[in-house]
Amino acid sequence: MAEETLGAEFPEPPGLARCAALMQRFAARLGSQGRRVVLVTSGGTKVPLEARTVRFLDNFSSGRRGAVSAESFLSAGYGVLFLHRARSAFPFAHRFPPQTWLAALRPVKGEAEVPSSRLLLEAEATSLPGFAAALRSYQKAADAGNFLSVEFATLTDYLHLLQAAAQALRPLGSCAMFYLAAAVSDFYVPASEMPEHKIHSSGGPLQITMKLVPKMLSPLVKDWAPKAFVISFKLETDPTVVIDHARKALETYRHQVVVANILESRRSYVVIVTKDSETQLSLSDEEMGKGMEIEEKIVSNLQSRHIAFINEEN
Ligand code: 9Z3
């Protein structure tokens with residue numbers, strides 16, 4: 001099935017069948033409980049330039065939008081399938097990079113009654129604010145089976161996993177939401193045109209011709225999950241074109257929402273664009289000072305739209 005859509009230029013990655021089965025089980029269980037489930041895609045894609053890859057093309061995406069949004073969707077009661085770029089921001093963990101806990105956490109020594117099979121760690125509560133709450137939130141979501149994370153690295157991994165995730169969510173109909181925040185490359189070098197070995201500088205300046213990546217939004221909306229509530233993101237660096245481009249995407253793919261954002265202001269300002277509306281969401285300095293994140297507003301807005309969408313269907 002995957003080969004039919006993606007073709008030989010995007011060979012199936014190893015482990016796809018196992019991930020597809022995991023996603024299917026996850027979606028089927030939550031679906032049978034009548035739950036709303038969201039696929040959050042997050043992070044950038046790696047595009048190899050050589051088959052035995054030494055070099056690749058990548059992009060700026062940190063995955064923070066996806067990670068924070070996944071947390072907000074879980075708080076809103078969604079089951080979250082988190083399809084993310086390996087080593088990009090991860091829900092509940094992204095606020096705690098190693099430098100925050102490497103110095104703060106200390107193994108507890110000399111507790112005679114503690115069996116050697118146990119590891120006890122301690123920290124000054126003030127040295128890791130929010131850490132215990134984040135652990136509890138993550139473990140609550142994972143233990144309840146409300147959260148499943150699946151990793152991709154390359155563009156090819158992403159395309160196959162997106163298709164498998166869409167097929168897993170299809171039976172949920174309008175209760176499934178697609179929140180496509182990953183920054184997916186528009187360009188790639190086809191497998192058939194890729195040199196096998198490392199490209200050498202002795203060959204002189206490098207010229208590469210890249211092909212356009214097929215737009216997956218099209219089969220997603222038409223064939224893979226035609227009843228789902230679909231949100232894509234439009235990123236631009238030029239604020240004068242972003243709304244126009246968001247509108248064009250809506251007209252082309254006929255999905256429900258585009259979230260328009262500009263590279264530099266993406267943490268504090270977005271526009272939710274639909275066929276007949278434009279809603280600006282922003283964070284004030286005061287809200288930012290309190291540690292609020294724009295994703296809380298995005299998710300709250302989209303959740304209301306999703307509920308209205310489900311109700312229209314029925
Ligand atoms: C986005 O626009 C996301 O909001 C960001 C989030 C990637 C900007 P970070 O990961 O940033 O928190 O650092 N995602 C989609 C970007 C994109 O490539 N969209 C395509 C386009 O603009 C359409 S699918 O053409």
Side-chain angles (χ1 to χ4, degrees), residues 36 38-44 59-78 80 82-85 88-97 129-130 133-134 137 177-184 186 217 228-253 255-310:
R36 275 175 278 137
V38 61
L39 172 75
V40 175
T41 70
S42 186
N59 65 53
F60 69 95
S61 172
S62 66
R64 190 165 135 191
R65 170 86 81 226
V68 181
S69 302
E71 294 166 11
S72 295
F73 278 119
L74 285 167
S75 308
Y78 278 77
V80 175
F82 185 63
L83 180 55
H84 69 289
R85 165 73 181 272
S88 64
F90 196 82
F92 305 109
H94 61 101
R95 291 182 195 86
F96 307 101
S137 302
M177 182 196 284
F178 289 79
Y179 183 88
L180 306 173
V184 182
D186 283 326
L217 208 45
F229 189 66
V230 179
I231 297 125
S232 71
F233 280 70
K234 177 55 73 181
L235 174 80
E236 293 293 348
T237 49
D238 177 356
T240 64
V241 300
V242 70
I243 300 297
D244 251 25
H245 288 187
R247 292 224 155 277
K248 281 203 186 97
L250 279 180
E251 280 158 28
T252 308
Y253 303 109
H255 58 308
Q256 286 68 41
V257 179
V258 175
V259 180
N261 59 171
I262 300 295
L263 186 64
E264 291 79 11
S265 60
R266 70 191 192 278
R267 304 274 174 244
S268 58
Y269 178 73
V270 304
V271 185
I272 309 275
V273 185
T274 70
K275 189 158 64 42
D276 37 38
S277 71
E278 271 168 36
T279 312
Q280 302 187 19
L281 301 178
S282 58
L283 282 185
S284 64
D285 289 346
E286 197 193 338
E287 287 171 326
M288 281 211 211
K290 285 190 202 145
M292 190 170 178
E293 314 224 40
I294 189 91
E295 287 76 12
E296 295 168 41
K297 293 192 180 189
I298 302 175
V299 168
S300 157
N301 185 293
L302 293 175
Q303 185 196 8
S304 311
R305 291 178 194 274
H306 188 200
I307 291 169
F309 178 80
I310 294 170

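Each residue takes its place number in the sequence, starting with 1.
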**Q.** Partner set under ring-ring contact (aromatic ring centres under 6.0 Å, His included) for F92, not counting sequence neighbours
**A.** none
(Q) Quick one, R305 with Q256, criterion side-chain contact (heavy atoms from CB on, under 4.5 Å). Give me CA distance, side-chain angles, the key distance, then yes/no. (A) CA-CA 9 Å; R305 291 178 194 274; Q256 286 68 41; over 6 Å; no
Q) Of the non-hydrogen atoms in V242 and A260, which two are nearest, and what is the gap between them? A) CG2-CB, 3.8 Å
Q: Considering non-hydrogen atoms only, spot the tightest contact between A183 and S61 and give its length.
A: CB-CB, 3.7 Å
Q) Can you find a pair of side-chain heavy atoms, one from F73 and one from R36, that are under 4.5 Å apart? A) no
Q) Yes or no on side-chain contact (heavy atoms from CB on, under 4.5 Å) for M177 and Q303, after CA distance, side-chain angles and deciding distance? A) CA-CA 9 Å; M177 182 196 284; Q303 185 196 8; 5.6 Å; no
Q: Specify the closest pair of heavy atoms between P239 and I262, including all atoms of both residues, with the distance to one decimal.
A: CA-CD1, 3.5 Å
Q.
Quick one, S268 and I294 - any side-chain contact, counting heavy atoms below 4.5 Å?
A. no
Q: Just grab all the salt bridge (charged side-chain N to carboxylate O under 4.0 Å, His left out) pairs involving residues 59-69, residues at least two apart or on different chains.
A: R64-E293, R65-E295
Q) Are E71 and V299 close enough that some pair of their side-chain heavy atoms sits under 4.5 Å apart? A) no
Q) Could you give the distance from CZ (R85) to OG1 (T41), rounded to the nearest 0.5 Å? A) 13.5 Å
Q. Below 4.5 Å, heavy atoms only, C-beta onward: do K234 and V273 meet side chain to side chain?
A. no
(Q) Just to verify, what does E286 make a salt bridge (charged side-chain N to carboxylate O under 4.0 Å, His left out) with, not counting sequence neighbours? (A) K290
Q) Is there a donor-acceptor pair under 3.5 Å between the side chain of K275 and the backbone N or O of L250? A) no
Q | Interatomic distance, I231 atom CD1 to I298 atom CD1 [nearest 0.5 angstrom] | A | 10.0 Å
Q. Can you name the residues that form a salt bridge (charged side-chain N to carboxylate O under 4.0 Å, His left out) with D244, not counting sequence neighbours?
A. none
Q: Taking all heavy atoms of R267 and all of L283, pick out the closest pair and write down the distance.
A: O-CD1, 3.7 Å
**Q.** From CG (L39) to CG (L83), nearest 0.5 Å
**A.** 5.5 Å
Q: Starting at CG of L281, measure out to CG of N261 and round the result to the nearest 0.5 Å.
A: 11.5 Å
Q) Who pairs with T237 by side chain to side chain donor-acceptor pair (under 3.5 Å), at least two apart in sequence or on another chain? A) none
Q. For S69 and Y179, does a side-chain donor sit closer than 3.5 Å to a side-chain acceptor?
A. yes
Q | Any side-chain heavy-atom pair of F229 and V38 under 4.5 Å | A | no
Q. Is there side-chain contact between H94 and V68, with at least one heavy-atom pair below 4.5 Å?
A. yes
Q: Could you tell me whether H255 and F178 have their ring centroids closer than 6.0 angstrom?
A: no
Q) Does the side chain of L235 reach to within under 4.5 Å of the side chain of F60, using non-hydrogen atoms? A) yes
Q. Considering residues at least two apart in sequence or located in another chain, which fulfil the ring-ring contact (aromatic ring centres under 6.0 Å, His included) criterion with F82?
A. H84, F90
Q. Where do A249 and V258 come nearest, in terms of heavy atoms and distance?
A. CB-CG2, 4.2 Å
**Q.** More than 12 heavy atoms of other groups within 6.0 Å of D238 CG
**A.** yes
**Q.** Heavy-atom closest pair, residues S42 and G63
**A.** OG-O, 3.1 Å
